[in-house]
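As structure tokens, the structure follows; a few thoughts come after it.
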Amino acid sequence: MRLLVVAALVAMLAGVGSVVGALYFESVPTPEQLTLPESTTVYYADGTTPMAKLGTQNRTILKYGEMNDAVRQSIVAAEDQTFWTNQGVDFGGILRAAWNNVTGGQTQGASTITQQYARLAADLKGVTYSRKLREAVMAWKLDDRYSKEQILEFYLNTVPFGRGAYGIEAAAQTFFGKTANRNAPPDTQITVAEAMVLASMVKQPEADPSDPEGSPGYDPSRGAKALENSKDRWNYVRENMVRLGYLTRAKADALAYPDTVRKPDPAARQTGLDRPTGLVVGQVMAELRQTDAFRGKPEDYVRNGGFKIVTTIDKRAQDVAEATADLKRPSAPQIVRGQPANWQASLVAVEPGTGRVLAYYGGSNGTGADYAGWYLDANGKPRGFGAHPPGSSFKVYDLAEALHQNISVKSHWDSPASKEFPNSGRVNRSPAGPIRNAEHAKCQPDCTLWEATVASLNVTYFELTEKLGTANVIDMASKAGIDAMWANQSGQNEPVRVDLRGTPGTEAAQRFSTEVGIGQYPVTVLDHANGMATFAAAGKRADAHFVRSVTKQGDQVYTEKLQPRDVGLNQEQINELNWTLRQVEAAKLPNGWDSAGKTGTWQRGNSLTENANTWMVGYTRAVAAAVWLGTTDGQALVTKDGSHDVYGATYPGAIWRQFMVDAAAALQLDKNRFRFDQPTFPGDATTAPSSPPPATPTSAGPSSAAPTCRPQDCPSRRPSPTRTATPPATTSPPAAPASATGR
């Protein structure tokens, strides 16, 4: 009987193999045809600290020459001791397994490493004789076509090890926090004893879902039985290592079963996207979709492509941003801790001269709402709620444009408590009424431009905007870094995003009124930070961006393009801008750094006493940052004590100052290398210019139309933590009573 079975099996493998070989082999993807899903890893700017992992499978592919001896030898000792000499099929093992199965014994596998790879590649299921035949034929063919080194590389990058880890490198990182790459420092590489634990897991990487207690597999963290299984299998592998000559008897006896297997981390499979930097990943993906290398590619192309994405985010600065802007952390400034639950802050820091985003905090949940920025996702849907009325913080662009038009910061301006502006429709009998100052200054009613800037006088800046021309102010803001603003549009319940990139100011100005100069129209925190970085870099604008480089298996796929552009300010004008913004009390830092900045506040609806948006923006020559503080539901900011006195200088100002001080320390920057130059104030003007330059009439825009609802009655534009909506998240009615303030 036994001889008949053996003869039948031999005939089947030898004779039938030649007939069905081509049929079966063609159904299996060869290594060249098989594209393994490989994790894409997003790194901080240092290129070595992971920020997040993307992809459907946790896998990092290594070349055979990159795998250390410990993992190569252990897997052979565990799974196929004849690997280096067999022809892809262990005929003796197949005959033994077949006999055992025919005579009623326990079903056996008897698969070589090559057969296992064939099964994985073809995604064949179940233990059946037909599958064994297919495996054998395919393995035979694979062994003919590929070297043993190639087959072992295929296998070690394909096989699952458990806990969602596919391939030896992901397994080494998941179970031991180490690498299987022989080119890494020795103390970071997987050891022989640890590699033997991993090799043991291949036999059963996951617990049997129908009997997890009785058949838990070989992950020692799953309980006493799994630990026993792992140790028994580890001893089996150790003996085979000696038998194969990989270890001497003495070295094998000296090995101890490692107790360094990491406990399963429930958050590990979340890939880091739930952390605040998950919002950075969203920005990264959106940015890459605009590049030649990734434009038009499906989302999975990047996520499962095995790319190494190095971001511009400096972990030191990012840690400071999160510690400072997360209002629920004990490390946030004392004044913002313990405030109502609907308070929300966001912070963005940009490196002057390069546009690299050094830190980005749009919220504590990377899968929730982003209050710092905005982008289009892979489906073309808008994500983010980071556009907010900037209030008086926008006046920095008016000031820059005034200097660009050779208006001195020492020029004098009529600055009464309130003033009518017929050309812009702001008169006593108009719905919005005249422009009023929210602040007072000793210089009133005759103030220099720099005094009006420090005191943040709306009357002065509204008149300044009229004289400069709304189109010119928008042009300057766009050149500096404001890529978009949001305008109210008749028939629309939500403000509409107006892309300023490549749009002349004369065209964009049709959508906005003179109120643009005092910060009525929302901008993102990211754009505002980039604008500050432009002035910090002496008027050289670089596009804010999140990606430094993308590589795959060492090959460069994409690299950042640093192309600073001049906004048209000469050095003296920059010096006067810096000098003026340095006089703002809230911008002064306690660490001795030269710093400049501007505060801003915008009211809720038509209220003159309740604020919904507060800002602090500013820069040193080394770092520029913008901070917004508002509410998640669009309601007014009310302190825990019931006060409505919430202004830019106090609350977001405290966040900005703490960030700037702590970030400078964390980045180990030398303040003496980043001093501002002093202005000379040549040809001081004594009066404001009498007529504006040619510009689009600011009263012609649709913003002068009546709003579609009373601002205080409009529906909330704040997101739920998981909702996607068109930004911005805050109310910005056209022609509302000006309540921008510098406090």
Side-chain angles (χ1 to χ4, degrees), residues 335 388-399 402 409-421 424 426 432-467 473 514-521 528 577 579-588 596-618 627-630 636-637 639 643-654 656-657 688 732 736-743:
I335 194 171
H388 320 279
S392 291
S393 68
F394 197 85
K395 292 172 182 174
V396 294
Y397 306 111
D398 296 76
L399 180 61
V409 297
K410 292 188 176 182
S411 59
H412 285 258
W413 295 76
D414 182 31
S415 306
S418 67
K419 189 172 182 177
E420 294 184 278
F421 291 92
S424 297
R426 299 301 298 266
I435 295 295
R436 292 180 289 272
N437 287 322
E439 301 289 343
H440 304 283
K442 292 181 179 179
C443 58
Q444 288 179 273
D446 178 27
C447 294
T448 61
L449 183 55
W450 77 264
E451 289 173 321
T453 303
V454 174
S456 206
L457 301 180
N458 293 331
V459 167
T460 307
Y461 266 83
F462 199 88
E463 182 170 1
L464 177 65
T465 305
E466 275 198 342
K467 291 186 179 297
V473 172
T514 314
E515 282 80 5
V516 72
I518 56 174
Q520 173 178 297
Y521 299 100
H528 217 350
L577 178 75
W579 178 87
T580 302
L581 297 179
R582 289 185 67 189
Q583 312 309 311
V584 175
E585 191 64 30
K588 296 177 181 178
K598 186 74 185 74
T599 58
T601 304
W602 195 263
Q603 80 283 0
R604 177 180 178 268
N606 281 334
S607 174
L608 298 179
T609 59
E610 296 180 343
N611 296 318
N613 299 275
T614 58
W615 290 76
M616 177 71 211
V617 301
V627 175
W628 167 83
L629 175 68
L637 285 158
T639 70
S643 172
H644 291 275
D645 291 334
V646 184
Y647 301 101
T650 49
Y651 294 89
W656 182 85
R657 289 186 293 273
S732 57
S739 184
T741 171
R743 285 191 287 169

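One-based numbering along the sequence shown.
Distance check, rounded to the nearest 0.5 Å: CD of E466 to CD1 of I435 gives 9.0 Å. Rounding to the nearest 0.5 Å places CH2 of W628 at 16.0 Å from CH2 of W602. To the nearest 0.5 Å, the span separating OG1 on T650 from CG on D645 amounts to 8.5 Å. The distance from the CG atom of L399 to the OH atom of Y461 is 4.0 Å, given to the nearest 0.5 Å. For the atom pair H644 NE2 and L637 CG, the distance stands at 10.0 Å (nearest 0.5 Å). The NZ atom of K419 sits 13.5 Å away from the CG atom of N458 when rounded to the nearest 0.5 Å.
Judged as a side chain to side chain donor-acceptor pair (under 3.5 Å), and not counting sequence neighbours, T639 has no contacts.
Nearest heavy-atom pair, V396 versus S393, reported as atom, atom and distance to 0.1 Å: CG2-O, 3.3 Å. Shown here for Y647 and N611, the closest heavy-atom pair between the two residues is CE2-ND2, 3.5 Å. Here the closest non-hydrogen pair linking A596 and A587 is C-CB, 3.7 Å. Residues P652 and L629 approach most closely at CD-CD2, 3.9 Å, considering heavy atoms.
Side chains of E420 and P434 form a contact here, defined as non-hydrogen atoms less than 4.5 Å apart. T601 has its side chain out of reach of W615: every pair of non-hydrogen atoms, C-beta onward, lies at least 4.5 Å apart.
Aromatic ring orientation, F462 versus F421: tilted (interplanar angle from 30° to 60°).
R436 places no side-chain N or O within 3.5 Å of a backbone atom of A417 that could act as its donor or acceptor partner. A donor-acceptor distance shorter than 3.5 angstrom exists from the side chain of Q444 to the backbone of A441, with no hydrogens or angles considered. The closest donor-acceptor contact from the side chain of E439 to the backbone of L457 lies at 3.5 Å or more, if one exists at all. Using modelled atom types, no side-chain atom of E463 and backbone atom of T460 make a donor-acceptor pair closer than 3.5 Å. Judged by distance alone, the side chain of N437 and the main-chain N or O of V459 form a donor-acceptor pair under 3.5 Å.
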Query raised in the report: Stepwise, does the side chain to side chain donor-acceptor pair (under 3.5 Å) test hold for T448 with W450?
Result: CA-CA 5 Å; T448 61; W450 77 264; 3.2 Å; yes
**Report entry** T514/T465 under side chain to side chain donor-acceptor pair (under 3.5 Å): CA gap, chis, key distance, verdict
**Finding:** CA-CA 6 Å; T514 314; T465 305; over 6 Å; no
Requested in this report: Take S456 and K598 through the test side-chain contact (heavy atoms from CB on, under 4.5 Å) and record every step on the way to the result.
Outcome: CA-CA 9 Å; S456 206; K598 186 74 185 74; 3.0 Å; yes
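Between E515 and R426 there is a salt bridge, since a side-chain N of the basic residue sits under 4.0 Å from a carboxylate O of the acidic one.
Considering I518, T453, V473 as possible partners of K395, the one that fulfils the side-chain contact (heavy atoms from CB on, under 4.5 Å) test is I518.
Between Y397 and H528, the distance from one ring center to the other falls under 6.0 angstrom.
The local environment of NE2 in H440 is sparse, with at most 12 non-hydrogen atoms from other residues, nucleotides or ligands closer than 6.0 Å.
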